[in-house]
Amino acid sequence: MKNRFLSKRYCQNENEETVMGKVTALAQEADDVINLSIGDPDINTPLPIIEAAFEDAKAGYTKYTDCRGYKELRDEIAKYYREEFGLQVEDDEIMVTTSGCIAMSLALEAVLDDGDEVIVPTPYFTIYKTQIELARGVLVEMDTFEEEHYQIDAARLEDCITPKTKAIIINSPNNPTGSCLTLETMKKIAEIAEKHDLVVISDEIYTIYSFADAFIPFSSLPGMKERTITINSFSKNFIMTGWRVGAVIAPPQIINTMKRIDENLVYSAPSISQRAAIKALRCRKEIQPELTALFKERVYYAAERINKIPNMHVIYPPMGTFYLFLNIKDTGLTSEEAAMKIFEEAHVVMIPGNGYGTRGEGYLRIACTVDISQLKEAFDRIEKMEI
């Protein structure tokens with residue numbers, strides 16, 4: 001029975017469980033489960049970051065900060081983009097947020113009017129759809145394909161554009177596919193965005209996990225800085241998932257609007273998390289190469305094992321992130337059937353691809369967020385199955 005006080009927007013799907021919710025529940029059902037579902041790495045935040053935040057907390061950094069984050073952190077973010085990418089970012093173009101998820105939500109709230117359409121390449125990160133809808137927008141799926149390495153095709157992109165189109169979301173390196181957009185692809189997206197006067201929301205939270213080519217921020221392309229909202233986070237690049245701190249880079253008017261919205265939600269990102277973020281940026285050259293090497297080793301190992309299992313395959317070599325998107329179409333099973341069969345018979349948890357949009361059906365996503373010994377055990381178990 002529906003509660004009469006609930007918003008009608010939420011009553012429509014009140015019994016609908018998210019994909020993430022389903023797999024989290026599965027992971028609790030057996031003692032020997034190997035959980036390859038959620039992208040939360042098994043290693044701790046690097047100790048120098050923890051120690052710096054602890055010392056700053058003892059020193060009194062436990063109060064509200066500026067709504068856009070500590071000026072010291074904003075300066076470090078600007079310095080990072082200048083040193084790593086040669087990109088000049090001004091202070092009024094930066095805002096620190098309470099996670100990358102909140103950054104995306106604020107960006108959508110800031111730019112969308114009722115009924116505005118947002119083009120999202122599918123497969124896509126699960127939260128995009130709900131966040132667009134909560135901002136009163138409409139998600140328009142644009143197909144991408146494994147055989148094209150999930151590149152965004154310019155003709156298909158233009159076919160999705162209507163008079164109501166306001167924005168495009170891109171995510172590279174990509175969750176769930178692990179794909180990385182080529183410079184050629186990004187240039188075509190830029191041309192189309194300029195031609196149709198669109199905003200590009202670029203989700204760039206896996207920047208250090210671009211394995212084949214060096215990462216290039218979308219906003220660094222000619223003419224794109226004034227129409228790009230860059231979403232970033234410390235969660236993956238510094239193994240700081242629980243600290244909940246992210247950042248946005250965007251034109252000043254968009255940043256100011258996001259700030260005014262956020263003042264009414266959380267006011268500012270957690271002070272201690274921001275202090276940790278300052279330290280993270282300052283010691284990134286000591287921390288990040290090891291992280292990149294660790295997860296690249298895991299992803300390559302997992303991809304090699306998967307491609308030896310009948311009726312399964314992934315793109316090889318992996319392009320980026322610590323995710324792999326397993327093609328299981330040859331099994332004849334749906335994504336949910338395959339995920340459940342693997343869980344029941346091998347006690348390995350994977351996420352059904354149908355949770356990532358229409359092009360996700362026929363796939364499973366795994367996160368290589370456990371060590372190689374556990375990955376080995378997981379694939380040893382799956383090899384013994386008939387699938």
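For Pro41 against Phe295, the heavy-atom pair with the smallest separation is CB-CZ, 3.7 Å.
Tyr80 has its ring centre less than 6.0 Å from the ring centre of Phe85. Here the two rings, on Tyr363 and Phe325, have centers that are under 6.0 Å apart.
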#### Entry: Glu383 and Lys308: CA distance, side-chain angles, deciding distance, salt bridge (charged side-chain N to carboxylate O under 4.0 Å, His left out) verdict
CA-CA 9 Å; Glu383 280 181 335; Lys308 293 176 182 177; over 6 Å; no
### Task
Given salt bridge (charged side-chain N to carboxylate O under 4.0 Å, His left out), test Glu133 with Lys129 step by step and report yes or no.
CA-CA 6 Å; Glu133 291 171 350; Lys129 181 177 187 293; 2.7 Å; yes
### Query
Would Glu84 and Lys285 satisfy salt bridge (charged side-chain N to carboxylate O under 4.0 Å, His left out), going step by step from the backbone distance to the final call?
CA-CA 11 Å; Glu84 296 292 332; Lys285 293 186 185 300; 3.2 Å; yes
### Message
Before you tell me yes or no, could you show the steps for Asp114 and Lys164 under salt bridge (charged side-chain N to carboxylate O under 4.0 Å, His left out), namely the whole-Å CA-CA distance, both residues' side-chain angles and the distance that decides it to 0.1 Å?
### Response
CA-CA 10 Å; Asp114 289 13; Lys164 292 184 178 181; over 6 Å; no
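Electrostatic pairing of Arg74 and Asp66 counts as a salt bridge here, judged by a charged N lying under 4.0 Å from a carboxylate O. Salt-bridge check for Lys58 with Glu55: passed, with a basic side-chain N closer than 4.0 Å to an acidic carboxylate O. Salt-bridge annotation for Arg227 and Asp197: present, with a side-chain N of the basic residue lying under 4.0 Å from a carboxylate O of the acidic one.
Legend: ring-ring contact (aromatic ring centres under 6.0 Å, His included) pairs involving residues 142-189, not counting sequence neighbours: none detected. Pairs engaging residues 270-281 under the side chain to side chain donor-acceptor pair (under 3.5 Å) rule: Asp56-Arg275, Thr65-Gln274, Glu72-Arg275 [sequence neighbours left out]. Listed by first and then second residue, the side chain to side chain donor-acceptor pair (under 3.5 Å) pairs involving residues 369-382 are Arg305-Asp380, Asp371-Ser373, Lys376-Asp380, Glu377-Arg381 (not counting sequence neighbours).
There is no side-chain donor-acceptor pair under 3.5 Å between Gln288 and Asn237.
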